[in-house]
2 protein chains.
Amino acid sequence: MIRAPMNDDGYGASDLLDPRDRGLQYGDGLFETMAVRDGRIPWLTYHLRRLRAGCGRLRITPPRTVELRREIAKLSAGQARAIIKLIVTRGIGGRGYRPDPTAPGRHIIMRHPWPAHAYAREHEGIRLRICRTRLAVNPALAGIKHLNRLEQVLARMEWRDDSRFQEGLMLDWQDRVIEGTMTNLFIVRAGRLWTADLTQSGVAGVMREIILEVASQQTIPLRVTALALQDVAQADEVFVCNSVIGIWPVVALNRQRYPLGLLTRQLADAVEARAKY
Amino acid sequence: MIRAPMNDDGYGASDLLDPRDRGLQYGDGLFETMAVRDGRIPWLTYHLRRLRAGCGRLRITPPRTVELRREIAKLSAGQARAIIKLIVTRGIGGRGYRPDPTAPGRHIIMRHPWPAHAYAREHEGIRLRICRTRLAVNPALAGIKHLNRLEQVLARMEWRDDSRFQEGLMLDWQDRVIEGTMTNLFIVRAGRLWTADLTQSGVAGVMREIILEVASQQTIPLRVTALALQDVAQADEVFVCNSVIGIWPVVALNRQRYPLGLLTRQLADAVEARAKY
């Protein structure tokens with residue numbers, strides 16, 4: 001394991017990264033960003049499962065789950081609220097873009113402070129803007145939480161005033177609504193829950209998966225499909241989610257207004273009831 | 001400057017990378033891979049210009065050119081043949097995807113040994129295969145030599161036997177031929193030189209730029225346009241290029257055969273005559 005240098009911001013331990021690591025050279029790796037609450041990660045099993053699936057798709061040798069669990073537990077212990085970020089890379093080796101298939105993957109675990117803004121956004125909702133930066137279409141990489149994140153960086157650079165907009169909505173090049181810069185998107189129309197299909201682009205978030213499970217258990221009608229901006233504009237309720245923030249109701253998309261919706265509240269409560277911590 | 005650990009393979013000096021660096025976290029940076037010949041980099045001015053342009057597009061604070069030149073000269077000195085890789089990242093800082101606009105960029109310089117295979121391929125030509133992995137369409141990132149290179153990694157993982165195929169051809173999702181996994185592609189048809197337009201995807205290589213300049217000076221008719229696989233199949237000559245290998249004639253694309261062409265030879269000689277070392 002490599003840990004980032006610990007400092008007053010709450011970062012990890014001592015080891016540094018070899019610049020030859022393919023994670024830096026090519027973004028050849030994956031990551032998980034996980035919420036710690038009362039010393040535990042409520043959705044750890046989901047994160048580790050997604051990480052293994054991503055490693056499988058990129059053919060990266062995953063770290064042993066038992067080892068990851070031990071290291072993560074150590075860094076989470078005693079933390080009331082914190083963020084743990086786990087990066088897995090293909091490590092060092094190969095010639096140029098071609099990896100050495102026998103080289104072991106590497107992982108890095110870092111701890112960050114809990115974001116201060118989360119509480120108000122969860123209860124009062126957020127305002128969304130529409131990003132000019134588009135998501136590329138690439139089924140080979142779609143859904144994976146990989147380290148090639150320049151599109152999200154460019155999208156997040158489009159606005160600075162966090163008091164005006166708290167998240168940006170990203171479309172792909174076919175004008176399909178895919179997700180937020182750091183969240184997945186759901187809409188409610190006539191009692192039915194919709195979210196974007198992520199087989200062409202986007203990141204399949206852990207909280208999105210949990211919400212799909214909850215919806216299925218509660219027999220809420222569900223559509224995973226191509227979403228147009230028009231669908232979002234005509235929605236009764238809109239929310240964004242990720243495993244750190246949970247569910248943030250959306251109260252505005254540019255000038256369009258939405259209520260703090262009932263189904264959004266119901267899902268947030270159901271998700272909270274399932275959290276293991 | 002950060003230098004990679006020096007070892008018997010010919011790597012750089014001592015410093016390691018902070019894992020919080022956005023180059024690792026998001027692939028938030030750029031790189032240049034440069035050939036050293038007799039202690040000098042023949043195309044250094046082109047590389048540094050492209051790097052600055054890329055930094056401008058991603059709004060990364062570039063390192064000072066005079067400083068880069070000094071560090072690169074130090075690492076090149078006394079090297080008959082070597083590769084220098086320069087990585088520039090956005091450094092550390094910001095909250096999540098959003099960068100800290102005041103944070104300084106960072107750079108890393110590494111030295112690698114010269115690839116042994118280059119001579120034969122230059123003179124005998126290479127065989128191309130067509131990659132299943134497609135390049136995403138994204139004008140915001142097209143042309144830039146950024147650190148988000150998972151598509152190239154996946155493409156290069158498609159074949160292992162270097163004696164059978166020496167490079168892979170990549171198409172985008174609209175079936176346009178864009179480039180090789182690590183090279184740009186040119187074709188010759190009826191005395192005219194064609195290469196792919198790179199405003200939607202691909203990397204605008206330094207050697208591609210030099211060849212475009214040479215063609216212009218020699219008044220060779222030139223088309224920079226969308227290329228179809230059919231155009232490549234019907235070409236009289238085909239070659240790939242990058243600033244390290246120069247020009248490699250293509251003698252086969254799957255079962256299609258091409259001669260070692262005259263215009264390819266003429267361009268290779270003209271490029272060689274312009275190299276400053």
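First the proteins, then the strands, lettered A, B, ... as listed; each starts at 1. Only a predicted model underlies this, so the values are computations on that prediction, with no experimental measurement involved. Atoms considered below: every heavy atom in the structure, side chains included; atoms not considered: hydrogens, waters and symmetry mates.
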Chemist: Kindly indicate whether the side chain of Q152(B), heavy atoms from C-beta on, has any atom under 4.5 Å from the side chain of Y26(A).
Modeler: no
Chemist: Just wondering, are more than 12 heavy atoms of other shown residues or ligands nearer than 6.0 Å to CZ in R81(B)?
Modeler: yes
Chemist: With respect to chain A, which residue among E158(B), R59(B), R22(B) yields the maximal number of heavy-atom pairs within a distance under 4.5 Å?
Modeler: R59(B)
Chemist: How long is the span from the CZ atom in R95(A) to the NE2 atom in H112(B), to the nearest 0.5 Å?
Modeler: 13.0 Å
Chemist: Ignoring hydrogens, what is the shortest heavy-atom contact between L16(A) and D18(B)? Give both atom names and the distance.
Modeler: CD2-CA, 3.9 Å
Chemist: Which answer fits L150(B), side chain, backbone, both or neither, if we ask what part of it has an atom under 4.5 Å from a heavy atom of chain A?
Modeler: both
Chemist: For the residue pair I87(A) and Q25(B), establish whether any side-chain heavy-atom pair is separated by less than 4.5 Å.
Modeler: yes
Chemist: Scan L141(B), V153(B), N148(B) and name whichever one has a side chain to side chain contact (heavy atoms under 4.5 Å, CB included) with N148(A).
Modeler: N148(B)
Chemist: Starting at CG of D28(B), measure out to CG of L147(A) and round the result to the nearest 0.5 Å.
Modeler: 12.0 Å
Chemist: Using a 4.5 angstrom heavy-atom cutoff, name the option from E151(A), R149(A), K85(A), R132(A) with the most pairs to chain B.
Modeler: R149(A)
Chemist: Is there a side-chain contact between L24(A) and T89(B), using heavy atoms and a 4.5 Å cut-off?
Modeler: yes
Chemist: Chain A heavy atoms under 4.5 Å from T33(B): which part of the residue, side chain, backbone, both or neither?
Modeler: neither
Chemist: What residue in P139(A), S201(A), G23(A) has the most heavy-atom pairs under 4.5 Å with chain B?
Modeler: P139(A)
Chemist: Taking side chain to side chain contact (heavy atoms under 4.5 Å, CB included) as the test, write out the residues that go with L171(B), two or more places apart.
Modeler: I130(B), R134(B), V177(B), L229(B)
Chemist: Main chain of G96(B), side chain of R156(A): is a donor-acceptor contact present, judged purely on distance under 3.5 Å?
Modeler: no
Chemist: Find out whether P101(A) and M157(B) are in side-chain contact, i.e. whether some heavy atom of one side chain is under 4.5 Å from a heavy atom of the other.
Modeler: no
Chemist: Given the options A155(B), P99(B), A140(B), which has more heavy-atom pairs under 4.5 Å with chain A than any of the others?
Modeler: P99(B)
Chemist: Please identify, among I83(A), L135(A), L154(A), D162(A), the residue contributing the most non-hydrogen atom pairs under 4.5 Å to chain B.
Modeler: D162(A)
